[in-house]
Amino acid sequence: MAKNIELKVYGMTCDDCVAHVTEGLKSAIGVKDVYVSLKDGKATVKADDSVNPKELEKLDVFTKTHYKAQVRSVKDE
Amino acid sequence: MSEYDLAIIGKGAAAFSAAIKISELTSNQIKIAMIGYGPIGGTCVNVGCVPSKYLIEASKNFEMAKKPLYDGIKADASIDFDKFMESLNGFVSDERKEKYEKVIKNFDNIDLYDGKAKFLDKNTVAVNNDRITAFNFLIATGSKTFIPDIKGLTDYYTSENIWNIRKIPEKLVILGSGEVAIELAYAFSNFGSEVHIFNRSDRILKGFDEDITDNLRKIMENHGIKFHTGVNINEIKSKTLFYGNNSVNFDEIIVATGRIPNIDDLDLNKAGIKFNNRGIIVDKYFKTSNENIYAAGDCVDQELKLETLAGKEGAVSAENIFGSEKTVNIKNVPWVVFCDPNVASVGYTEKELKSMNIKYNIRKIDLKNVVKANILKSNDGIAKVISDENGTIIGVQVLAPNAAEFIIEGVYLIQNKLTYNDIINSSHVFPTVAESIKIAGQSFIRDISKMSCCME
Ligand SMILES: Cc1cc2nc3c(=O)[nH]c(=O)nc-3n(C[C@H](O)[C@H](O)[C@H](O)COP(=O)(O)OP(=O)(O)OC[C@H]3O[C@@H](n4cnc5c(N)ncnc54)[C@H](O)[C@@H]3O)c2cc1C
């Protein structure tokens with residue numbers, strides 16, 4: 001089973017930021033697909049069931065750079 | 001209905017600190033509603049730390065002008081109290097403008113709401129006719145004076161409105177013996193009031209060790225303040241307070257019998273937030289029993305109520321909202337009562353260590369051993385340094401002039417797990433009252449009566 005995780009992402013101002021955040025999220029084991037919207041400040045992540053959504057907030061891209069993220073919803077696919 | 005990422009209930013120290021920190025963390029992209037009533041800045045700047053310290057310093061200045069300490073100096077001081085209080089209120093309003101009103105204008109991401117917030121459900125609060133929804137909440141509603149149930153206690157001041165007083169009371173009764181009571185007693189006594197402190201328990205400043213508070217009490221008694229402790233008040237009638245078989249008449253009365261959390265109006269149950277009569281219950285990350293709601297500052301069930309602590313907890317909560325696991329070690333937080341001499345403490349007190357059955361070593365020195373205290377003619381205090389069995393410092397308490405300015409030495413010692421050898425090996429400035437900590441440290445290894453001045 002997979003799930004869709006929606007995160008609010010803060011700190012993005014350009015397409016480069018979108019690329020950074022996308023790459024950062026994709027680096028997590030179990031993440032299959034990532035879509036990041038600059039306009040909405042949101043990331044939608046499709047991930048294996050093994051992924052703990054809250055752990056995505058602690059990825060390097062959200063702790064070692066100026067981006068911050070918070071899980072807003074988790075839905076089973 | 002307005003929607004936000006974060007709603008902060010309160011606009012005092014904890015609220016501001018959280019709002020600024022979380023705005024920094026999100027490059028000002030987080031949308032915040034800040035809700036509160038009364039003047040912006042909350043207790044500290046308006047009716048707490050700032051006016052009380054202004055009052056204290058001015059009263060000390062007046063006392064010294066009336067009674068110069070050094071031979072050969074004569075003075076003739078007088079006071080226009082009305083004018084002075086105008087200046088105090090002017091100062092408060094300037095500080096509020098600089099530190100809060102101007103600051104908030106830098107944050108386009110924060111909307112201010114004026115009014116009381118009440119939870120309607122886990123994600124919604126009502127403020128007047130507005131409905132505000134948010135994914136995250138921070139409760140930072142502070143505390144207020146506890147008013148005891150005493151027959152006839154109707155016409156009184158508290159620390160919320162004492163700043164409106166325009167005449168020095170000839171006879172002043174203060175109910176309570178915590179820091180607010182002691183500080184106001186000290187200030188009004190300097191201004192010339194005959195001050196009577198009433199307290200049900202026979203202790204004053206119960207967070208400190210008794211050797212410190214006994215000493216302070218003696219100093220305050222020598223200054224003319226009358227303590228009536230361990231007494232029950234029967235009633236108050238026509239500006240007379242009746243206790244036991246005695247009575248005291250007074251011009252004004254101040255209630256300073258402790259502080260209780262401002263949480264009654266919030267309808268916390270609607271949001272699933274646990275609390276007790278000491279405040280909101282939080283885990284070590286300041287998260288309440290509702291995982292999207294944090295609480296910080298005086299409204300939290302915790303042992304200290306301080307501006308600095310409220311600010312720290314606000315900032316820590318902001319980081320933890322984004323998954324950090326930051327904590328605050330309350331034993332590293334210093335606290336001070338600003339009467340003169342100051343009473344300052346950080347870390348464990350002896351009575352805490354005894355109650356926990358922790359073994360410790362203690363060295364206590366009399367301030368008469370500190371040259372600067374002798375120069376200041378304020379040498380009745382003491383300095384205490386407490387170490388664990390390995391010599392690591394775990395507590396510092398000082399009753400000394402200017403202790404508020406140097407208790408930070410105790411903070412660094414405790415926070416960095418330093419030992420009394422580290423105190424001894426650090427050069428201090430001579431002559432300062434801060435040397436009292438150095439001398440107390442030296443007394444772990446030698447008899448200080450056999451020590452010359454500035455001996456290393
Ligand atoms: C006389 C006095 C002297 C002090 N001196 C010192 C000192 O020298 N040093 C020190 O460190 N500390 C001192 N303190 C303590 C310090 O002032 C407090 O610890 C600190 O101000 C607490 O900050 P806070 O943000 O928790 O709450 P507050 O600053 O009290 O802010 C609470 C806010 O919540 C709002 N609020 C309350 N209920 C609601 C509601 N239902 N809905 C919406 N808003 C609400 C209020 O309007 C206010 O804006 C002193 C306190 C007093 C009373």
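Quick caveat, the model's predicted, so the values are computed rather than measured. Side-chain atoms are counted along with the backbone in the values below, which use heavy atoms only and exclude waters and symmetry mates.
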Y10(A) and N28(B) side chains, donor-acceptor separation under 3.5 Å: no
Neighbourhood of chain A inside residues 32-39 of chain B, taking heavy atoms under 4.5 Å as contact: none
Residues of residues 133-141 of chain B with any heavy atom under 4.5 Å of a heavy atom in chain A: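 Heavy-atom contacts from residues 133-141 of chain B to chain A are F135(B), N136(B).
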Neighbour count above 12 (heavy atom, 6.0 Å) for [X] [atom1]:
X       : atom1 : answer
K54(A)  : NZ    : yes
K312(B) : NZ    : no
D15(A)  : CG    : no
Y348(B) : OH    : no
K417(B) : NZ    : no
K3(A)   : NZ    : yes
K326(B) : NZ    : no
K58(A)  : NZ    : yes

Q70(A) side, atom CD; I30(B) side, atom CD1 - distance, nearest 0.5 Å: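 If I round to the nearest 0.5 Å, the distance is 7.0 Å.
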Donor-acceptor contact below 3.5 Å, side chain Q29(B) vs main chain G11(A):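 Checking the backbone N and O of G11(A) against the side chain of Q29(B), a donor-acceptor pair under 3.5 Å is found.
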Note: E319(B)-K68(A) ion pair, threshold 4.0 Å (strictly below): no
Residue pair R72(A), D5(B): steps toward the side-chain contact (heavy atoms from CB on, under 4.5 Å) verdict: CA-CA 10 Å; R72(A) 287 296 168 87; D5(B) 295 315; 3.5 Å; yes
Where H66(A) and S27(B) come nearest, the two heavy atoms and their spacing: CD2-OG, 3.8 Å
